[in-house]
Amino acid sequence: MGDDSTRSLVRAALGLTLVFGGEFALAAESPAGGSADPGDTLEELTVTGSRIEHSGFQAPTPVSVLDASQVEQRGATNIANVINEIPAFTGTITPASTGLNSRQNGINAVDLRGLGTNRNLVLLNGRRGTPFDEFGNVDLNAVPSLAIGRVEVVTGGASAAWGSDAISGVVNLIYDDELEGFKFNGQYGQSEHGDAEDTRLAAAWGASLNSGSGHFLLAADYNKNEGVPEGRDRDWQRRSPALVSNPADTGPNDGIPQFLIRDNAVLFIGSPNGVTLPDVTGTAVDNLEFFSNGTAQTRQLGQVMDNFMIGGSGSRLGDRSAIFIPTERFNILATFRHDIGESTEAFVETSFAQSKSSGKLVDAFSFGEVVIMPDNPYLPASVAALGEAFPLFRTFEEIPPITSESKNDNVRFVAGLRGDFGNSFKWNASGQYGRTKFSNEQPQNLLVGNLILAADAVRDPVSGNIVCRANLNGANGAPGCVPINLFGKGSPSAAALDYVTDRGTSDTEIKQSVFMADVSGELFEAWAGPLLGTFGVEYRKEQLDRVVNAPNENDEFLIVNAKPLNGEFTAKEGFVEFALPMLKTDRQTLDLNAAARVTDYSTVGSVTTWKAGLVYSPVESLRLRGSISRDIRAPSIGETFVETVLLFGNITNPFLPGSPTEFVETPTLGNAELTEETAKTTTFGAVYSAGGFRASVDWYHIDLTDTIGVLAPQSVVNRCFAGETSLCDLIAFNPDGSIDSIAGKNLNLGAFDLEGIDAELRYSQPLGNGDLSVGVIASYLIHKEIAPSGGAPLDTAGEVGTASGYGTPDFKATLSVGYDIGDLGAFAQVRYIGSGVYDATYGPEELSAAENDIGAITYVDLSANYNLSRLGYGDVQVFAGVDNVLDKDPPVIPLNFISNFATNGSHYDVIGRKYYVGARVRF
């Protein structure tokens with residue numbers, strides 16, 4: 001099926017959804033939160049859209065539900081994979097999108113609305129997950145997928161019900177505490193390229209206790225994905241595309257674009273052999289390339305365009321960076337609940353999880369920090385005779401790329417009591433403790449100072465040996481220094497490489513304690529039904545302690561240089577929620593829902609959040625719903641207390657002639673004076689349900705202010721150049737006027753404004769001798785105006801490049817069709833990502849319309865299963881599937897960085913066609 005026909009099909013399905021309204025929620029929405037078949041038996045349960053617990057209550061906030069059958073149909077080995085296929089989500093932090101992330105690579109954190117992974121709240125069985133980092137992110141690798149009965153997603157603000165971070169919504173992973181018997185899953189898959197091997201073994205056992213007065217669940221899950229460890233493993237990356245300056249551009253308004261996207265781009269400012277750049281010293285040592293046979297030749301230059309050139313002799317840093325981070329994880333979970341007397345139940349949850357990842361980041365590099373003196377004995381004689389000192393530009397392929405190795409150990413324990421009293425009141429009290437130990441290491445990270453010492457080699461006149469200059473004539477200015485030969489790939493000795501590299505280590509421990517109690521029930525009988533209420537209190541404390549090794553703390557490494565961090569905060573909260581029937585007739589109902597929460601943070605003081613909503617049913621099959629809420633996110637420990645996070649970026653320097661592009665450090669600093677982020681969220685939707693047909697459409701608007709961020713480094717430079725001298729203090733200049741670093745401090749200076757439409761549809765009915773089900777879920781982004789560093793907002797709806805960091809395709813949809821007949825089941829899914837732009841700030845003067853346009857892409861996934869029970873093999877199901885059946889390559893979207901990564905893994909499939917087979921056993 002071609003892209004045009006698929007686009008028409010998906011948009012037509014969405015159009016039908018918009019006409020009919022209603023609520024397809026991947027699986028049917030839970031009765032308390034949405035539609036149900038007329039014959040369904042309603043239970044008293046809490047869905048994530050509200051804390052009200054009553055069989056007749058319907059929440060005004062949209063809630064989608066993903067059940068275990070959807071996970072099985074997709075053959076997913078990690079629940080995060082299925083969640084990230086929901087159009088409203090963006091894969092911002094996943095193994096596919098963190099190849100150049102030095103601390104979060106291999107992590108699976110969900111990002112609702114593309115607002116950031118810490119602006120949606122992740123719950124486990126209705127309680128906060130323990131974060132793995134200082135920014136409050138929860139790693140879904142720690143969740144045993146087989147133990148999950150369903151996932152509820154609130155696609156609207158929910159801070160009043162659940163607390164801080166629920167700005168874009170809530171993701172609640174709910175355990176299957178009704179499981180009876182044993183189930184086992186075994187699965188293996190790999191890509192068509194023979195990599196990305198994915199192995200999963202999982203088991204769960206559940207049993208009722210004492211004639212139904214209790215239940216026990218034990219689940220374990222092991223998953224190992226070998227990933228795609230190097231960029232050169234894919235032909236689309238081997239194209240080596242880059243965003244480069246257009247040499248034909250003559251200036252503004254000339255009709256000639258400033259930039260081009262070109263293949264076969266190599267690094268101009270470095271090569272694995274070591275080079276000098278043209279016109280640096282103005283002498284014969286310029287534009288040389290060195291070779292391991294002891295010679296130097298004039299470097300072969302391609303068409304030079306800033307840091308890159310097309311063709312010629314240079315490095316390709318994207319070749320060895322991981323495309324999909326190899327990960328391995330193991331989880332074990334146990335839950336227990338049992339009655340105590342007639343009206344009280346005790347419950348316990350305990351879990352342990354460990355995940356590991358190892359991803360290659362980038363080759364070590366030295367871009368002019370090393371200055372070669374003419375008496376260097378490794379220097380070719382022809383160059384030494386020129387008597388000139390010069391900076392050397394080199395990448396290191398003699399050692400593995402700098403690699404991020406992460407390990408995440410998570411322990412979590414929950415215990416509590418719940419019960420009822422009176423005729424209709426229920427109470428609940430619980431305590432939970434979570435502890436995460438997150439370690440991150442970079443073996444063979446480059447020690448810049450040691451490299452400079454080792455590269456300054458001389459011959460000792462007494463011994464005749466080559467030594468470091470600092471140790472000449474018996475001095476010991478650099479203990480242990482081993483001179484290094486940097487001239488030609490393969491020239492450095494193993495001993496020298498050991499001296500100029502070291503392992504960076506960072507160990508973080510996070511502790512989270514939460515205590516909560518609430519009571520709910522029918523307060524009194526109002527004119528149209530009972531007034532329902534929930535009252536509760538909550539106390540939370542989070543602590544973080546990080547230790548790093550000396551080279552990190554002293555900024556000795558080329559990249560990362562993690563710093564010690566200690567911080568904590570407490571939050572004391574009180575919350576209330578009411579549901580009041582306003583109208584009830586034989587045909588019509590109108591219900592009001594309102595909630596409020598007051599929180600006292602030890603960091604930002606007292607804050608208030610609230611929500612109000614209405615649900616109106618003019619007829620039994622149709623519901624109209626709307627809500628408005630005030631939501632907040634308190635600053636994280638990292639944003640408040642962090643000393644520095646070292647990042648890099650390309651900066652245009654207007655202080656030098658020609659405004660050259662420079663590669664500079666851009667460290668981020670914490671700020672203890674931060675205040676909370678605040679959002680006003682409005683939703684309005686319609687829900688239609690009749691027989692086997694369910695559909696919904698919901699409009700949303702999120703106005704987020706006081707967002708935490710730093711002034712964009714380029715903005716700091718531009719505003720300093722324009723005369724804002726206070727900002728000039730953030731810039732460190734080198735003596736030649738080039739920029740060494742630009743410091744950024746976290747501030748409440750940004751704003752986000754989102755508006756969009758979510759639509760879902762599901763239809764099921766018997767067909768022939770089987771059962772047919774069809775579903776569509778789509779998300780259309782009307783606008784996404786962001787100003788993360790203050791200033792004029794930029795609409796990033798439809799931006800699929802990485803320029804803003806918050807771009808999101810403006811249209812995404814998933815069409816699924818399932819058919820079950822007897823013991824055979826088949827499933828097909830079509831995932832559509834609409835066309836977009838490379839950079840939302842670019843017009844034709846920056847990038848041609850053709851190159852700024854990124855076409856739509858369609859992925860087709862197929863799976864089938866067969867039950868062997870009739871063949872006498874017990875309750876055994878075998879299954880197989882193919883993801884990305886058409887083997888679609890991702891579009892070329894080069895990262896504007898020294899590592900010319902070729903696409904954006906947050907949105908697109910970077911693995912390609914993938915096959916899997918497996919078996920499920922139940923008894």
Side-chain angles (χ1 to χ4, degrees), residues 269-277 280-281 283-286 288-297 299 315 363-402 442-504 549-551 554-559 561:
I269 57 173
S271 121
N273 286 316
V275 297
T276 62
L277 302 185
V280 174
T281 64
T283 69
V285 298
D286 290 344
L288 295 177
E289 183 165 14
F290 300 91
F291 297 91
S292 57
N293 61 4
T295 64
Q297 300 176 16
R299 183 187 184 190
S315 303
D363 288 341
F365 54 83
S366 177
F367 296 152
E369 295 87 356
V370 169
V371 176
I372 302 299
M373 305 305 292
D375 59 349
N376 189 309
Y378 295 122
L379 191 62
S382 60
V383 181
L386 299 174
E388 295 284 344
F390 58 87
L392 186 70
F393 295 78
R394 191 187 201 278
T395 59
F396 291 80
E397 293 187 4
E398 294 85 0
I399 54 178
I402 300 174
Q442 297 84 38
Q444 293 183 284
N445 200 345
L446 190 67
L447 295 165
V448 178
N450 283 19
L451 177 64
I452 293 172
L453 290 170
D456 190 12
V458 296
R459 191 173 295 279
D460 190 294
V462 177
S463 66
N465 296 327
I466 299 175
V467 298
C468 301
R469 190 183 300 274
N471 295 335
L472 186 63
N473 297 321
N476 195 26
C481 182
V482 179
I484 189 168
N485 181 357
L486 295 177
F487 305 109
K489 181 179 176 180
S491 295
S493 68
L497 291 172
D498 285 343
Y499 174 71
V500 302
T501 60
D502 198 1
R503 177 179 289 268
N549 63 343
N554 297 328
D555 292 325
E556 298 176 36
F557 286 124
L558 175 66
I559 64 173
N561 287 313

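Atom set for the values below is all heavy atoms of this structure, side chains included, hydrogens, waters and symmetry mates excluded.
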- Item | Working for side-chain contact (heavy atoms from CB on, under 4.5 Å), residues R299 and T276 | CA-CA 8 Å; R299 183 187 184 190; T276 62; over 6 Å; no
- Starting from the C-alpha separation in whole Å, work towards a yes-or-no answer on side-chain contact (heavy atoms from CB on, under 4.5 Å) for N376 and V458. CA-CA 5 Å; N376 189 309; V458 296; over 6 Å; no
- Task: Please step through side-chain contact (heavy atoms from CB on, under 4.5 Å) for the pair V370 and L451, ending with a clear verdict.
- Result: CA-CA 7 Å; V370 169; L451 177 64; 3.8 Å; yes
- Under the side-chain contact (heavy atoms from CB on, under 4.5 Å) criterion, do Y499 and C481 qualify, and how do the steps go? CA-CA 7 Å; Y499 174 71; C481 182; 3.6 Å; yes
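By the side-chain contact (heavy atoms from CB on, under 4.5 Å) test, T295 pairs with F291, N293, Q297, sequence neighbours left out. With sequence neighbours excluded, the residues satisfying side-chain contact (heavy atoms from CB on, under 4.5 Å) with P374 are A389. In this view, A384 and L379 satisfy the side-chain contact (heavy atoms from CB on, under 4.5 Å) rule, not counting sequence neighbours. Residues satisfying the side-chain contact (heavy atoms from CB on, under 4.5 Å) test with P400, not counting sequence neighbours, are Q444.
Of all heavy-atom pairs between A457 and P377, the closest is O-CD, 3.2 Å. What you find for A284 and L386 is that their closest heavy atoms are CB-CD1, 3.8 Å. Pairing each heavy atom of A364 with each of L558, the nearest pair is CA-CD2, 4.0 Å. Residues S315 and P272 come closest through the heavy atom pair OG-CD, 3.3 Å.
Every pair passing salt bridge (charged side-chain N to carboxylate O under 4.0 Å, His left out) that includes a residue from residues 388-399 is listed here, sequence neighbours excluded: R394-E398, E397-K489. The salt bridge (charged side-chain N to carboxylate O under 4.0 Å, His left out) pairs that include a residue from residues 445-463 are D456-R469, where partners are two or more places apart or lie in different chains.
At a threshold of 4.5 Å between non-hydrogen side-chain atoms, the residues D498 and V482 do not count as touching. Two residues are said to be in side-chain contact when any heavy atoms from C-beta on lie closer than 4.5 Å; F396 and L486 meet this criterion. S292 places none of its side-chain heavy atoms less than 4.5 Å from the side chain of F487. Looking only at side-chain heavy atoms (C-beta outward), P380 and F290 come within less than 4.5 Å of each other. Side-chain contact check for I466 versus Y378: some heavy-atom pair is nearer than 4.5 Å. Within the 4.5 Å cutoff, side-chain heavy atoms of L288 are placed close to those of V383. Looking only at side-chain heavy atoms (C-beta outward), L472 and P461 come within less than 4.5 Å of each other.
A donor-acceptor pair under 3.5 Å is absent between the side-chain atoms of T501 and the main chain of L446, judged by distance alone. A donor-acceptor pair is defined here as one N or O able to donate and one able to accept, closer than 3.5 Å; no such pair exists between the side chain of N554 and the backbone of E556. Looking at N471, its side chain does come within 3.5 Å of a backbone N or O of A478 through a donor-acceptor pair.
Separation of atoms OG1 (T395) and CG (D363) is listed at 5.5 Å; rounding is to 0.5 Å. Note that CD1 of I484 and SG of C468 are 9.5 Å apart. Values are rounded to the nearest 0.5 Å. Taking CZ of F557 as the reference point, atom CG of L447 lies at 5.0 Å (rounded to 0.5 Å). Expressed to the nearest 0.5 Å, how far CZ of F390 lies from CE of M373 amounts to 10.5 Å. The CG atom of N549 lies 6.5 Å from the CG atom of D502; values are rounded to the nearest 0.5 Å. The line from CG of L392 to CZ of F367 is 11.0 Å long, rounded to the nearest 0.5 Å.
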